[in-house]
Colleague: 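Please read through the structure below; I'll follow up with questions.
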Amino acid sequence: MKFQAIKGVRDILPPESALWNRVEQTARDVFATFRFAEIRLPIFEQTQLFVRSIGTDTDVVSKEMFSFDEQGGGALLRARENIRNFMTQTQIDQNAVAVFRGFVDEFIKRREEAIAQGVLEVDRDAADFFQYLLSSVRQLDELATAGIWNDAELLGIIKLIQQATAYIRIGEGLSLRPEATASVARAYIEHGMQTQAGDVKLFYIGPMFRRERPQKGRYRQFYQIGAEVLGTSDNPRIDAEVIEMLTMFLDRLQLVGAKLAINSIGCQDCRRAYVDTLREALRKVKESLGADSQRRIETNPLRVLDSKLAEEQGVIETLPRIADHLCADCREHFAQLQEQLKLRGIAYEINWRLVRGLDYYTRTTFEITAPGLGSQDAICGGGRYDGLVELLGGPPTKGIGFAIGTDRLILSLQESKKTDAPARLDALFAWIGAATYPAAAKLAARLRQAGFRVELPSEEMKFRKALSLADRLGARHAIIIGEDELASGAFTIKRLADGTQQKLGESELLAYLSADRGN
Ligand code: HAM
């Protein structure tokens with residue numbers, strides 16, 4: 001069997017990984033100058049956290065999360081699957097009943113073990129369904145041993161047992177995180193961060209998981225660099241400063257052709273009225289829309305504005321726009337945001353259709369697109385989410401943030417050749433004769449402590465072979481240690497670019513390598 005990375009996930013190999021490190025380090029450096037500090041979040045959380053934050057009608061929650069049952073563990077889950085998958089045809093014999101009983105016994109045993117080990121907690125509902133299961137099992141046993149064999153009745157009870165086990169909660173629903181804003185809000189509440197001085201400014205770097213159809217720039221495990229500001233103020237200066245930080249970061253990476261689009265999707269109140277108006281208008285043009293948009297008219301009309309279908313674009317342009325329906329406060333907030341962006345010399349476009357795919361947004365939304373990416377050209381999305389913390393049971397809190405899709409940012413940098421040459425190896429040791437190895441190892445340690453990149457082959461090599469390896473690894477120098485060098489305490493250093501070589505003592509060698517690196 002040949003193992004391969006599964007669809008939609010990938011390895012990031014050297015030398016590309018060096019570019020990833022530089023991008024992430026640049027984020028750390030730039031964000032620190034705005035007083036952002038790193039938060040490291042769990043990779044999985046309760047499914048409900050994402051459902052509540054992101055919203056049930058969103059693509060992310062309704063079809064893209066990787067979710068699993070936990071607590072009871074794999075064995076309990078498998079035991080339940082066996083019961084669930086047991087085929088109930090129209091006839092059944094003693095053998096089949098015995099197999100099914102085996103599955104049920106296994107499930108009961110595993111559940112008891114999990115409870116005894118303290119990994120599974122039982123709530124009232126689960127206990128009730130379990131009692132129901134036990135009484136159904138007794139009935140099954142009585143029927144199976146009764147004088148008359150009755151297929152229909154036996155199958156009926158097996159169905160009941162299958163239903164009862166499906167309802168017995170064997171753990172909490174967990175999901176791999178599809179994004180991290182929900183986790184930040186959860187952590188903010190859990191650690192009572194509202195008591196900290198000033199706004200809480202956090203950033204995170206790491207993988208996210210969405211079951212999307214993989215294509216260029218769209219993966220099932222992808223990476224984000226995100227930042228969030230939580231606090232008591234919703235001043236648009238904060239929005240502008242967050243965007244300023246983002247543009248400073250992208251400039252530092254010399255990303256070319258990035259475009260910022262902004263919008264306001266209003267607050268709870270004015271958005272509700274706008275959504276009603278939009279739905280009315282959509283109902284009138286329903287026939288000219290595709291199946292997806294038709295469905296969204298009722299479930300989530302704002303998402304129709306996100307449509308990329310060419311044949312829908314004409315109709316969408318005629319729809320009412322949110323800017324004309326904002327309440328006075330939201331209109332003022334949006335005007336101020338634009339003032340603040342101008343003050344900072346940040347170029348932007350207004351895109352009235354920028355509604356974003358997650359339900360927690362209020363007022364400001366923004367997105368950055370970059371060239372060289374085809375259809376998946378959004379390298380960053382963000383916006384304001386006042387009220388999210390409250391929705392999750394925390395104190396009244398304002399919030400704004402963004403997440404950069406690192407995979408896409410890297411692709412765009414590669415397209416525009418803003419990648420760097422991999423760091424070169426300073427030297428490779430050509431040690432000749434086993435007796436020279438200890439001296440080579442000691443010198444290698446000294447050089448590494450001084451920050452040089454050196455390769456010390458673990459096997460002795462012929463001189464020619466060592467030189468050829470040095471060449472293939474792109475080393476600048478070969479340090480040659482033979483018996484002469486061992487006796488004299490001076491090492492031969494050969495510069496591979498021009499073949500010049502000289503003999504140097506240890507400290508001279510260090511000085512020489514430093515000077516040569518500077519050239
Ligand atoms: P989002 O727009 O869902 O927002 O994702 C942000 C960015 O992550 C996207 O612009 C894109 O670059 C990248 N991304 C999303 N899905 C994929 C994928 N399947 N493959 C590759 N890249 C992807 C959020 O996640 C919000 N939490 C952002 C935020 C933070 N809003 C406020 N604070």
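All ligand and atom numbering here is 1-based and tracks the order in the structure. Index from 1, following the sequence. Note that the structure is a prediction, hence the values are computed from the model and not measured.
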Colleague: Would you verify whether the NZ or CZ of R211 falls within 45 degrees of the ring axis of F66 while also being under 6.0 Å from that six-membered ring's centre?
Modeller: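 Yes; both conditions hold, so R211 lies above the ring face of F66.
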Colleague: Can you list the residues that meet the side chain to side chain contact (heavy atoms under 4.5 Å, CB included) rule with L343, with sequence neighbours excluded?
Modeller: Q340
Colleague: Test of understanding: with salt bridge (charged side-chain N to carboxylate O under 4.0 Å, His left out), list the residues that count as partners of K259, not counting sequence neighbours.
Modeller: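 Counting only residues at least two positions away or on another chain, K259 forms no salt bridge (charged side-chain N to carboxylate O under 4.0 Å, His left out).
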Colleague: Measuring from D426:CG to R476:CZ, what's the distance to the nearest 0.5 Å?
Modeller: 6.5 Å
Colleague: Salt bridge (charged side-chain N to carboxylate O under 4.0 Å, His left out) with E113: which residues, sequence neighbours excluded?
Modeller: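 By the salt bridge (charged side-chain N to carboxylate O under 4.0 Å, His left out) rule, E113 matches R110.
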Colleague: Any chance you could lay out the side chain to side chain donor-acceptor pair (under 3.5 Å) test for Q215 and S375, step after step, and finish with the verdict?
Modeller: CA-CA 10 Å; Q215 65 179 88; S375 63; 3.2 Å; yes
Colleague: Once you restrict both partners to nitrogen or oxygen, which atoms of ligand 1 have a protein partner under 3.5 Å, and how far apart are they?
Modeller:
residue: ligand 1; atom: 2 (O); partner: R356; partner atom: NH1; Å: 2.9
residue: ligand 1; atom: 2 (O); partner: R356; partner atom: NH2; Å: 2.9
residue: ligand 1; atom: 3 (O); partner: R210; partner atom: NH1; Å: 3.0
residue: ligand 1; atom: 3 (O); partner: R210; partner atom: NH2; Å: 2.9
residue: ligand 1; atom: 4 (O); partner: R356; partner atom: NH2; Å: 2.9
residue: ligand 1; atom: 5 (O); partner: Q224; partner atom: NE2; Å: 3.3
residue: ligand 1; atom: 8 (O); partner: Q224; partner atom: NE2; Å: 3.2
residue: ligand 1; atom: 10 (O); partner: A378; partner atom: O; Å: 3.4
residue: ligand 1; atom: 12 (O); partner: A378; partner atom: O; Å: 2.7
residue: ligand 1; atom: 12 (O); partner: G405; partner atom: N; Å: 3.4
residue: ligand 1; atom: 19 (N); partner: E212; partner atom: OE2; Å: 2.7
residue: ligand 1; atom: 19 (N); partner: Y219; partner atom: O; Å: 2.9
residue: ligand 1; atom: 20 (N); partner: Y219; partner atom: N; Å: 3.0
residue: ligand 1; atom: 25 (O); partner: R210; partner atom: NH2; Å: 3.2
residue: ligand 1; atom: 25 (O); partner: Q224; partner atom: NE2; Å: 3.1
residue: ligand 1; atom: 27 (N); partner: E179; partner atom: OE1; Å: 2.5
residue: ligand 1; atom: 27 (N); partner: T181; partner atom: OG1; Å: 2.9
residue: ligand 1; atom: 27 (N); partner: Y360; partner atom: OH; Å: 3.0
residue: ligand 1; atom: 31 (N); partner: Y361; partner atom: OH; Å: 2.6
residue: ligand 1; atom: 33 (N); partner: T181; partner atom: OG1; Å: 3.3
residue: ligand 1; atom: 33 (N); partner: E228; partner atom: OE1; Å: 2.8
residue: ligand 1; atom: 33 (N); partner: E228; partner atom: OE2; Å: 3.1
residue: ligand 1; atom: 33 (N); partner: G401; partner atom: O; Å: 3.4
residue: ligand 1; atom: 33 (N); partner: F402; partner atom: N; Å: 3.3

